[in-house]
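Values below: every heavy atom of this structure, side chains too, minus hydrogens, waters and symmetry copies. Throughout, protein chains are lettered first and strands after them, A, B, ... in sequence-line order, and every chain is numbered starting at 1.
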Amino acid sequence: MARFIDELKRTHYCGLLREGDIDREVVLFGWVHARRDHGGCIFIDLRDREGLAQVMFDPQIAAQAFAVGDQARSEWVLGVRGKVRDRGAMRNPKMPTGTVEIVALEAVVFNKAETPVFPIEDDIDTNEEKRLEHRYLDLRRPRLQHNVMTRSRIYHHTRNHFADHGFVEVETPIFVKYTPGGARNFLVPARLNPGMFYALAESPQLFKQLLMVAGFDRYIQIVKCFRDEDLRGDRQPEFTQIDVEMSFVNQDDIFGIIEKLVIRLWKEIHGVDLTQRYPAVVGDDGVTRHFPRMKFDESMRRFGNDKPDMRFGLEHVDLTEQLIAHAGGGVPMLTPIAEKFASGAYRRDLPEEIFKGLRVPAEQAGGLSRAELDKLEGFVKQMGAKGLARAKVGPSGEWLQSPFAKTATPDFVKAVNEALGAKEGDLLLFQFGPETAVHTVMANLRLHLGKKLGLIPEVGAKSKSHETGDWNFLWVVEPPLFERGDDGKSWAAAHHPFTRPHDGSLEDLEKDPGKVLCYRYDLVLNGVELGGGSVRLHDPEVQKRVFAVLGIDDATAQEKFGFLLNGLKHGAPPHGGIALGLDRLCMLLTESESLRDVIAFPKTGKGSDLMTGAPNTVLPEQLAELKVRSLVEG
RNA sequence: GGGGUGGUAGUUAAGUCGGUUAUAACGCCGGCCUGUCACGCCGGAGGCCGCGGGUUCGAGUCCCGUCCACCCCGCCA
């Protein structure tokens with residue numbers, strides 16, 4: 001074996017051999033991808049991270065090499081010295097290296113391998129469970145190799161981009177002080193301080209603000225974050241953010257640097273020039289903008305969430321005004337809501353209950369059978385909806401097959417039809433009740449219908465979205481600063497309490513907290529939240545007023561966030577920042593269906609690592625050393 | 001925390017109304033084959049039917065519980 005590696009160094013990656021290498025003597029190292037034995041001669045497709053190359057073993061040419069090829073099996077690790085030759089008429093147009101093959105002159109078995117649990121190729125239908133158990137095999141598959149290497153290039157371009165713009169990369173602690181609010185924290189027992197715990201940082205939020213106070217001016221970090229919440233296909237307990245903070249900037253400045261990064265990444269990774277779709281627009285204020293912006297309020301009204309997928313229609317229409325104007329329109333289910341508005345119990349500008357409709361145009365609605373409509377009702381019920389009122393629009397605009405049809409007044413029907421733009425054959429779907437519930441149901445219903453009706457391009461390797469340029473970016477801006485607390489009466493910070501209120505909203509802080517907007521923003525791509533951030537509150541007076549609304553007194557604020565507040569008192573520059581979800585960015589750039597496909601060693605929906613077996617129980621002695629007792633029976 | 005789907009050979013699946021020896025494809029092993037590239041031909045091995053209880057003369061199949069994975073809601077920036 002000493003000859004290979006010590007004397008014979010690799011000269012080429014298998015997957016990169018081309019016609020230009022013909023007649024060269026090469027040394028290749030790789031895995032046996034496939035072996036075809038013809039008795040006299042043997043073909044082996046040798047695989048490395050760059051791809052496959054066909055190696056031909058001929059006993060007439062090299063008996064020693066042939067013996068290796070004869071013995072070799074799937075996934076054995078080989079070294080081959082050989083000569084590249086033209087395959088002539090025998091070329092394989094399906095392979096990038098298909099015009100050439102390597103005639104083996106000398107070969108070595110570095111290692112044998114057990115029969116692989118599943119084939120090392122794309123488009124396998126093996127359970128994800130099996131794939132995660134043997135992740136080292138899964139990662140050998142070309143698609144995951146590509147994803148992991150693409151991710152590496154994303155790190156590289158991201159760091160270069162920020163370095164080019166004068167950003168300083170700083171590491172912040174992972175073991176941090178527990179701060180209340182937001183996501184649940186993972187806790188780490190502090191052995192040197194019995195009974196005490198560190199929290200794993202859910203983000204470097206407070207530290208990056210303090211780096212601004214420290215004067216670093218522009219901060220970047222590609223950083224792991226930890227949140228102990230329930231998981232999804234697009235959520236992991238540990239994930240990576242591109243974390244950014246800048247001093248002496250406004251919202252436009254932050255958008256500018258992020259838009260440039262995104263444009264650069266799409267150019268470098270996909271070769272797509274996003275500026276064709278999103279050319280620079282210089283506003284009256286002299287600021288250059290690329291991506292469109294939408295106010296939070298408009299997004300909720302039209303799409304029911306703050307991350308609209310604008311690649312298709314099926315927008316929502318708020319019909320609460322029509323409901324009020326027609327006193328419930330004769331529909332018993334709707335009348336109580338109208339009465340609440342009439343009596344003044346509900347405000348029109350901040351309604352507690354609303355009535356929304358969604359129109360499925362006739363050409364798409366025709367494809368939905370009665371049974372499928374009933375299934376839709378099941379779909380919304382699993383999200384807590386009481387039902388899914390619907391109506392088919394008749395020739396004269398009348399409602400058919402509808403629970404509202406019997407009693408709805410003609411004027412109300414007409415008003416609703418007009419608001420929705422309803423035409424004959426259209427299907428109308430309605431939802432009414434508490435605002436947040438209606439929005440959740442309608443937003444999910446819209447996405448569900450979009451997929452079902454084929455209005456959203458398929459995600460995955462077969463997707464052509466990077467070719468057709470269906471990359472739909474959007475900034476969602478100006479959300480409310482506060483939302484109702486769990487009790488429905490108090491106020492809680494919608495983002496975090498250090499977000500700067502909108503200039504025009506300051507007078508509402510005490511009068512009408514629900515109306516206060518703020519400098520917070522999310523970057524959305526094709527309905528996926530890529531990241532978000534805010535301009536921070538650096539005025540101690542306004543900060544005090546915000547805490548007052550939240551019911552946090554000075555002592556409590558000091559106890560919870562003392563270190564940040566102290567920092568802000570010592571000369572804090574105006575600052576703001578953003579964090580982009582790197583995993584999601586990779587997912588979209590590699591057009592993967594799951595976050596797990598862009599993370600080398602991901603965890604399952606219960607947060608376990610099927611390969612290593614984490615988390616696991618520990619010995620009583622280990623707990624004792626940490627002064628921790630488990631409540632679970634061993 | 002709630003709902004849905006699934007777990008049978010190494011892998012992916014079939015398995016009817018509860019009834020003889022649990023099927024198939026791919027993979028694997030052996031033999032043959034010098035131009036294959038989804039190589040081909042002949043032969044063969046391979047099973048705790050997720051786990052634990054129950055019903056029954058008899059359970060892969062029915063019932064109860066439990067574990068695991070995936071998807072959705074809640075939760076989560």
Practice problem: Would you check if there is a donor-acceptor pair between the side chains of A/Arg584 and A/Thr240 at a distance under 3.5 Å? | Solution: no
Mind listing the side-chain donor-acceptor pairs of residues 48-57 of chain A below 3.5 Å, one per line with the distance, residues two or more places apart or on another chain?
unit_1: A/Asp48; atom_1: OD1; unit_2: A/Glu50; atom_2: N; d: 2.9
unit_1: A/Asp48; atom_1: OD1; unit_2: A/Gly51; atom_2: N; d: 3.4
unit_1: A/Asp48; atom_1: OD2; unit_2: A/Cys14; atom_2: N; d: 2.5
unit_1: A/Gln54; atom_1: OE1; unit_2: A/Arg36; atom_2: NH2; d: 2.9
unit_1: A/Gln54; atom_1: NE2; unit_2: A/Glu101; atom_2: OE1; d: 3.0

Quiz item: Counting only Watson-Crick or G-U wobble pairs whose two distances fall under 3.5 Å, which nucleotide matches B/A24?
Solution: B/U12
Quiz prompt | Where protein sits on nucleotides 37-47 of chain B, one letter per nucleotide: B base, S sugar-phosphate only, - none, heavy atoms under 4.0 Å | solution = BSB--------
Quiz item: Counting any heavy atom closer than 4.0 Å, what does A/Ser203 reach on the DNA or RNA strands: base, sugar-phosphate only, or nothing?
Solution: nothing
Self-check item: Base B/A77 paired with A/Arg520 side chain (donor-acceptor, <3.5 Å)
Solution: yes
Quiz item: Can you tell which of B/G27, B/U11, B/U34 lies closest to the side chain of A/Pro59?
Solution: B/U34
Exercise. Give none if B/C76 has no partner; otherwise give the nucleotide forming a Watson-Crick or G-U wobble pair with it, both distances under 3.5 Å.
Key: none
Quiz item: Touch check for A/Lys130, heavy atoms < 4.0 angstrom, all strands: base, sugar-phosphate only, or nothing?
Solution: sugar-phosphate
Quiz item: With a non-hydrogen cut-off below 4.0 angstrom, is A/Gln241 in contact with a base, only sugar-phosphate, or nothing?
Solution: sugar-phosphate
Considering only nitrogen or oxygen atoms on both sides, find all protein atoms under 3.5 Å from nucleotides 23-26 of chain B and state each distance.
none

Quiz item: According to the side-chain hydrogen bond (donor to acceptor under 3.5 Å, both in side chains) rule, which pairs have a member within residues 435-447 of chain A, sequence neighbours left out?
Solution: A/Lys356-A/His439
Quiz item: Which is true for A/Arg47 with a 4.0 Å heavy-atom rule: it touches a base, it touches only sugar-phosphate, or it touches nothing?
Solution: nothing
Could I get a table of every N or O pair under 3.5 Å where one atom is in the protein and the other is in nucleotides 69-72 of chain B?
unit_1: B/A69; atom_1: OP1; unit_2: A/Thr604; atom_2: OG1; d: 2.8
unit_1: B/A69; atom_1: OP1; unit_2: A/Ser608; atom_2: OG; d: 2.9
unit_1: B/A69; atom_1: O4'; unit_2: A/Glu129; atom_2: OE1; d: 3.3
unit_1: B/C70; atom_1: OP1; unit_2: A/Gly605; atom_2: N; d: 3.4
unit_1: B/C70; atom_1: OP2; unit_2: A/Gly605; atom_2: N; d: 2.8
unit_1: B/C70; atom_1: O3'; unit_2: A/Arg596; atom_2: NH2; d: 3.2
unit_1: B/C71; atom_1: OP1; unit_2: A/Arg596; atom_2: NH2; d: 3.0
unit_1: B/C72; atom_1: O2'; unit_2: A/Gln382; atom_2: NE2; d: 3.1

Quiz item: Can A/Phe118 be said to stack with the base of B/U11, given centres closer than 5.5 angstrom and planes under 30 degrees apart?
Solution: no
Quiz prompt | Side-chain donor/acceptor contact of A/Asp230 with base of B/G74 under 3.5 Å | solution = yes
Practice problem: Could you check whether the rings of A/Tyr519 and A/His502 sit parallel, tilted or perpendicular, using 30° and 60° as the cut-offs? | Solution: parallel
Quiz prompt | Pairing partner of B/A38 (Watson-Crick or G-U wobble, both distances under 3.5 Å) | solution = none
Quiz item: Got a sec, which pairs hit salt bridge (Lys or Arg N to Asp or Glu O under 4.0 Å) with one end in residues 472-483 of chain A, sequence neighbours left out?
Solution: A/Lys295-A/Glu478
Exercise. Give a yes-or-no answer on whether the side chains of A/Gln71 and A/Trp76 include a donor-acceptor pair shorter than 3.5 Å.
Key: no
Quiz item: If we call it a pair only when both distances are under 3.5 Å in a Watson-Crick or G-U wobble match, what pairs with B/C70?
Solution: B/G4
Practice problem: Go ahead and name the base partner of B/G43; Watson-Crick or wobble counts if both distances stay under 3.5 Å, otherwise write none. | Solution: B/C29
Quiz item: From B/U34, B/C73, B/G35, pick the nucleotide closest to the side chain of A/Thr440?
Solution: B/C73
Exercise. Please work out if A/Glu114 contacts a base, only the sugar-phosphate, or nothing of the nucleic acid, heavy-atom cut-off 4.0 Å.
Key: nothing
Quiz prompt | Phosphate OP1/OP2 of B/U11: any A/Asn127 side-chain N/O under 4.0 Å | solution = no
